[in-house]
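First the proteins, then the strands, lettered A, B, ... as listed; each starts at 1.
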Amino acid sequence: MNQPAATTPAMKDIVALCKRRGFIFAASDIYGGLNGFWDYGPLGVELKNNLRDLWWKSMVTCPPIGPDGAPVEIVGLDSSIIQNPKAWEASGHVGGFSDPMVDDKETKLRYRADHLYVLVPKDGKGKWLALHQDAEAEDVAKRIKKEGGGKSSSDQYEKKQFTSIDKSDYANILGPDAKTPGTLTEPKQFNLMFHTFVGATAGDENKAYLRPETAQGIFLNFKNVLDSSRVRVPFGIAQIGKAFRNEVTPRNFIFRSREFEQMEMEWFCHPKEAKMWRDFWFTERQKFWRSIGLSSENIQMRDHDKDELSHYAKEGYGTADIEYRFPFTAPGYGELEGIAHRCDFDLTQHQKVSGTKLEYMDPVTSEKFMPHVIEPAAGLSRGVLALICEAYTIDASRPSGVYLNFHPSVAPIKAAILPLTAKEDHVPIATKLYLELREEFTVELDVKQNIGKRYARQDEIGTPYCFTIDNDTITDKTVTVRDRNSMAQERIHIDKVAEYLREKMKPSSQKAKLKAVG
RNA sequence: GCGGGUGUAGCUUAGUGGUAAAGCUCCAGCCUUCCAAGCUGGCUAUGAGGGUUCGAUUCCCUUCACCCGCUCCA
């Protein structure tokens, strides 16, 4: 509508603007940064808080109307980042997060150590052939023929797991794709969970983990919430918070970082209703992202293929992603939110490992069952990035050359109050208006420099409205409202400014407005 | 983790084995009655650590960060 694909902005320009205007900085910048960590500046934290609050409102304070016409029931939670390490063993993260990998120095290929096996010659002569577990019998035969030194059948070999082989024998092993033996490295442990130590002494017995997802804190508190807050299945528990993953390759600005924020809601329902609720949340979550300004053409829904599904979602109705077309993924898309049917995997696991009964007894039907879970899990940090990318609008016709077209509900600064000149009577009136508005809105008062420079600066940080006080204000109590996108001005009474802003902040009015603007 | 590339002020670019230059931004002031105008002044840089050298931003090594491509991605 407003942006042909040709104007897809360069990521480096977006990153530069984020730094220049104080949205996002490299963490520990003055020490040269740290790979995978980012800090949010004065405007970045406003933007992030806005998105966080809107999500909380859409989930906890004003949750959507359910299929039966009544609002669904969701309560909030803020669980600890560090939990008993057994929680992560039960959840499957300790095992799944540390797959040892083997590199081939010759081919630069990398394999999971537990996916490799080795054919060891029974006669002790010739190369040991490492092969991938998925290799077809036909390919294995070819490999033996080519590299076996006269051997013709796998019967002449003993099949061993790569992980069971002593490293002193590695020199004999020919990698699955290598030409010379001895190029495979020892398996390297990739610990994708950050670990730490609880207490003053650092030993294995007090090792603990920083959570890689907020979801588990919700499952751990399922019984506490049920017993204390009068909720009944179906209901949800929502949580926003930091999560940590020791990513092998952090990339693409804040898209994949090692410390990030999640907004997750676990919806507990009867197994028979899982499909219905999955579809319900899938629809609702799309509405959310659209309502805060992500355009339809940059958002895409995608069902996961069977082989992509995580350990907890192998059964059930699968996972679907809400994806956004980021500049670095275009023309492809990157994940913004996943809606997963986690079945009863987590509660069952925690019941098994903890020994605490987590089944639900329906008070009406007296049916006892383990609830199924539908999980809409969104990245707050990724959401912030999507909002910035969506807002970044190149416009050579205006002095800033670029402006941020934020939806007013997420804009870090909602309005700027500008006395037309720094002299005469404009400043006191502007100051009074500013002091009134800041009680309700995040606003800025800017007195310095000429009006054009001030408009330009507000454009670049995405402030949707500027209220300017001039000589007419003194005589008739009107101010001009300058619209960021159209640069058009209208005069309204100074007493109507708060009401004007309040109306513009509403997502629905903005939606209609975007349509009108085109 | 691998390969390639980049690193001088907030940004864009100069330049040199011997005092690091400019434009824009930013800040202060003047001037300004609506879109980065004009005038004056000011702050700020060789990513970090070593080595060679009388002297290194420049040459060499290491490291860090970012970008691109692989790899990975519950």
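Annotation: cation-pi pair A:Arg382/A:Phe255 present, NZ/CZ under 6.0 Å from the ring centroid and within 45° of its normal. Cation-pi geometry between A:Lys19 and A:Phe25 is not met: the NZ or CZ atom fails to fall both under 6.0 Å from the ring centre and inside 45° of the normal. Taking the centre and axis of the six-membered ring of A:Tyr455, the NZ or CZ atom of A:Arg482 falls inside the cone set by 45° and 6.0 Å. Figure legend: A:Arg398 and A:Tyr403 shown as a cation-pi pair, the cationic atom lying under 6.0 angstrom from the six-membered ring centre and within 45 degrees of its axis.
Atom pair A:Arg20:CZ and B:rG10:P shows a separation of 13 Å (rounding to whole Å applied). A:Gln458 places its CD atom 17 Å from the P atom of B:rU25, with the value rounded to the nearest Å. Going from atom CG of A:Asn252 over to atom P of B:rC70 covers 12 Å, rounded to whole Å. Atom-to-atom, CG of A:Asp446 to P of B:rC34 comes out at 17 Å; the value is rounded to the nearest Å. If you take CD of A:Gln449 and C1' of B:rG42, they are 14 Å apart, rounded to a whole angstrom.
Between A:Leu420 and A:Val15, it is A:Leu420 whose nearest contact on RNA chain B lies nearer the 5' terminus.
A donor-acceptor contact under 3.5 angstrom links the side-chain atoms of A:Tyr455 to the base of B:rC34. For a distance-only test at 3.5 Å, the side chain of A:Thr480 qualifies as a donor-acceptor partner of the base of B:rC34. Residue A:Arg245 places a side-chain atom within donor-acceptor reach of the base of B:rA74, judged by atom type and a 3.5 Å distance cut-off alone. With hydrogens and angles ignored, a donor-acceptor pair under 3.5 angstrom links the side chain of A:Arg482 to the base of B:rC35. Side-chain N/O atoms of A:Glu247 and base N/O atoms of B:rC73 include no donor-acceptor pair closer than 3.5 Å.
Of the candidates B:rC72, B:rA37, B:rC27, B:rC72 carries the atom nearest the A:Arg256 side chain, counting heavy atoms from C-beta on. Of the candidate nucleotides B:rG29, B:rC34, B:rC72, B:rG29 has the atom nearest to the side chain of A:Lys448. Checking B:rC70, B:rC66, B:rC27 against every side-chain atom of A:Asn35, the shortest atom distance belongs to B:rC66. Side-chain proximity of A:Thr249 to B:rC34, B:rU25, B:rU71: nearest is B:rU71. The side chain of A:Asp470 lies closest to B:rC34 when the candidates are B:rC35, B:rC34, B:rG10. Set against B:rA74, B:rC27, B:rC70, the side chain of A:Arg251 has B:rC70 as its closest nucleotide.
Comparing B:rG5 with B:rU62, their P atoms sit 14 Å apart, to the nearest whole Å. Nucleotides B:rG49 and B:rA65 are separated by 15 Å at their C1' atoms, to the nearest Å. Comparing the same atom, C1', in B:rG17 and in B:rC54 gives a spacing of 12 Å after rounding to whole Å. Annotation: B:rG29 and B:rC34 have their C1' atoms spaced 22 Å apart (nearest Å). Comparing the C1' positions of B:rC26 and B:rU12 gives a spacing of 15 Å, expressed to the nearest Å. Look at the C1' atom in both B:rG7 and B:rU58: the space between them is 14 Å, to the nearest Å. Comparing B:rA21 with B:rA9, their C1' atoms are spaced 12 Å from each other, to the whole Å.
Counting any heavy atom pair closer than 4.0 Å across all strands shown, A:Glu460 reaches a base atom. Here A:Ala422 lies in heavy-atom contact (under 4.0 Å) with a base. Looking at heavy-atom distances under 4.0 Å, A:Phe253 makes contact with sugar-phosphate atoms alone, never a base. Residue A:Arg21 is classed as a base contact, given a heavy-atom separation below 4.0 Å to a base.
The partner of B:rA36 cannot be assigned: no Watson-Crick or G-U wobble pair with both contacts below 3.5 Å exists in any strand. With a cut-off of 3.5 Å on both pairing distances, the Watson-Crick or G-U wobble partner of B:rC2 is B:rG69. Nucleotide B:rG23 is matched to B:rC11 when pairs are restricted to Watson-Crick or G-U wobble geometry with both distances under 3.5 angstrom. Summarising the base pairing, B:rC59 is matched to B:rG51 through a Watson-Crick or G-U wobble pair whose two defining distances lie under 3.5 Å.
For A:Asn450 and B:rA37, the shortest distance from a side-chain N or O to OP1 or OP2 is below 4.0 Å.
Aromatic ring orientation, A:Tyr465 versus A:Tyr500: perpendicular (interplanar angle above 60°, classes split at 30° and 60°). Ring geometry for A:Tyr209 versus A:His195: interplanar angle over 60°, hence perpendicular rather than tilted (30 to 60°).
Residues A:His493 and A:Thr478 have side chains that never bring a donor and an acceptor to within less than 3.5 angstrom of each other.
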